[in-house]
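Just passing along the structure, written as structure tokens.
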Amino acid sequence: MGSSRDKTDSELPSVRSIVARSIAAGLLGVAVMYLFRHLLESGEVTETASSHVKTIVVGAFFGALSSAVVELLRVFFVVAERLRENSEALGRVTGDNELFSPVNELLLRVDRHSKTVRDLVKAMLSKREFYVAYTDLNSYRTHLISAIGNSENYHGIKRDTISSFVPGDDDSSRVEIYLRSLRTKDMKEKHRVFVISDDEEEKMKQELSDQEIVKNYWELNGPEVKTHWITVGSLLKNYPDLELPDDCGIYDRELKISYDHGKSVMKFSLVDQAGANNSAALAIFEKLNAQTGINEKGPFLEIAPPRGVGYPADAGRA
């Protein structure tokens, strides 16, 4: 699906076509004037009729000229706006010296293998998904908090059971900060799906029957986070075309940040909804939206907040 910007650009006439139409209008006007001058001299038309024709031709000519000027001004202002946007984008990229300094340092340090290193850097930057190795959970959550602060829509996939949101002694502070950031940020939509392995199904059911765990989940996340769960087996059985997603968050259907717990690797990418990089996680939410759109109760199972659930006294809403 093309953007509104692409549509606007496609509707703009080219400068060449505007000039061509203006020249054509001018030549046509001159030709008609000469024709009626000849007819006037030969006596085939009266001077009064010739005067009317002259008025019509001159009016049409200046009308066409005015239209061409208006279209040229329209093109000019659109091009000026595009140049401003591109200049701002270029400034955001080139102005961030901290972003490029490691690459520049790497290229300056290499000597004999400079071509190979340049090719490797190009290959890395050409990928649509980027990997950050040796990332601990706290660092991963720090990036999630940053993304939440600029988001209007959140879609999250959790590859664990609901008790994973009960902070442990080792990372309780960072978990609570992350969840508080999501809870207090006003958004148009917040949605999470637990995708759990088949052998954790019973564990999930037991946790969902534990009022303390459920209450803790909703108080930490807030009742606006629509929540569902599904097992891997049920997901692949009902939707064999889907791929299993990583533990991830998707922000404004644009930025995806995911984490491989086993390898301690963080990944991030821009989500192209219309292209090859359409996230497996987003595809899950599309299936879920189709299910809820017809009021079906499965295969995604809803986790509804208990009646009267609210926020802790120190929650603070943004």
Apply the test side chain to side chain contact (heavy atoms under 4.5 Å, CB included) to residues K185 and S151: give CA-CA distance (whole Å), side-chain angles for both, the deciding distance (0.1 Å), then the verdict.
CA-CA 8 Å; K185 180 69 166 66; S151 297; 5.7 Å; no
Using 30° and 60° as the class limits, which term best fits the ring planes of Y251 and Y154: parallel, tilted or perpendicular?
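Y251 and Y154: tilted rings.
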Short side-chain to backbone donor-acceptor contact, K287 and F300, under 3.5 Å
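Side chain of K287 to backbone of F300, a donor-acceptor pair under 3.5 Å: no, none is there.
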Ignoring hydrogens, what is the shortest heavy-atom contact between T135 and S139? Give both atom names and the distance.
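Here T135 and S139 meet closest at CG2-CB, 3.8 Å.
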Is a side-chain N or O of D246 found less than 3.5 angstrom from the main chain of C248, in a donor-acceptor match?
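No, because the side chain of D246 does not come within donor-acceptor range (under 3.5 Å) of the backbone of C248.
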Going by heavy atoms in the side chains, are R141 and I177 under 4.5 Å from each other?
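Counting from C-beta outward, R141 and I177 never come under 4.5 Å.
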Would you kindly say whether T161 and E207 are connected by a side-chain donor-acceptor distance under 3.5 Å?
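Yes, a side-chain donor-acceptor pair sits under 3.5 Å.
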Mind checking whether I196 and R159 have side chains closer than 4.5 Å, heavy atoms only?
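The answer is no; the side chains never approach within 4.5 Å.
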Please report the shortest heavy-atom distance between D198 and V232, naming the atom on each side.
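Result for this residue pair: OD1-N, 3.5 Å.
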Looking at every heavy atom in both L208 and I303, which two are closest together, and how far apart are they?
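Residues L208 and I303, closest heavy atoms: CD2-CD1, 3.8 Å.
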My understanding is that only residues two or more places apart in sequence, or in another chain, count here; which of them pass salt bridge (charged side-chain N to carboxylate O under 4.0 Å, His left out) with E152?
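E152: salt bridge (charged side-chain N to carboxylate O under 4.0 Å, His left out) contacts with K188.
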Please check this pair: side chain of R192 against backbone of T227, looking for a donor-acceptor N/O pair closer than 3.5 Å.
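The answer is no, because no donor-acceptor pair under 3.5 Å joins these two groups.
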Okay, side chain of D247, backbone of K158: is any donor-acceptor separation there less than 3.5 Å?
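Side chain of D247 to backbone of K158: no pair is present.
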Hey, is the main chain of E219 close enough, under 3.5 Å, to the side chain of R183 for a donor-acceptor pair?
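Checked: pair present.
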Donor-acceptor pair, distance only, cut-off 3.5 Å: does the side chain of N216 make one with the backbone of E212?
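Side chain of N216 to backbone of E212: no pair is present.
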With sequence neighbours excluded, what pairs up with Y140 under the ring-ring contact (aromatic ring centres under 6.0 Å, His included) test?
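ring-ring contact (aromatic ring centres under 6.0 Å, His included) check on Y140 returns Y259.
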Should N153 and E254 be marked as a side chain to side chain contact (heavy atoms under 4.5 Å, CB included) after you check the CA-CA gap, both sets of side-chain angles, and the distance that decides it?
CA-CA 10 Å; N153 295 277; E254 178 185 70; over 6 Å; no
Candidate list K226, H155, H228, test side-chain contact (heavy atoms from CB on, under 4.5 Å), partner L288, passing option
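It is H228, the one option of K226, H155, H228 that forms the side-chain contact (heavy atoms from CB on, under 4.5 Å) with L288.
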Residues that K263 engages under salt bridge (charged side-chain N to carboxylate O under 4.0 Å, His left out), provided they are two or more places apart:
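K263: no salt bridge (charged side-chain N to carboxylate O under 4.0 Å, His left out) contacts found.
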Quick one: does any side-chain atom of N238 pair with a main-chain N or O of P299 as donor and acceptor, under 3.5 Å?
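No, because the side chain of N238 does not come within donor-acceptor range (under 3.5 Å) of the backbone of P299.
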Under the 3.5 angstrom rule, does the side chain of D210 hit a backbone N or O of Q206 as a donor-acceptor pair?
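No, D210 side chain to Q206 backbone: no donor-acceptor pair under 3.5 Å.
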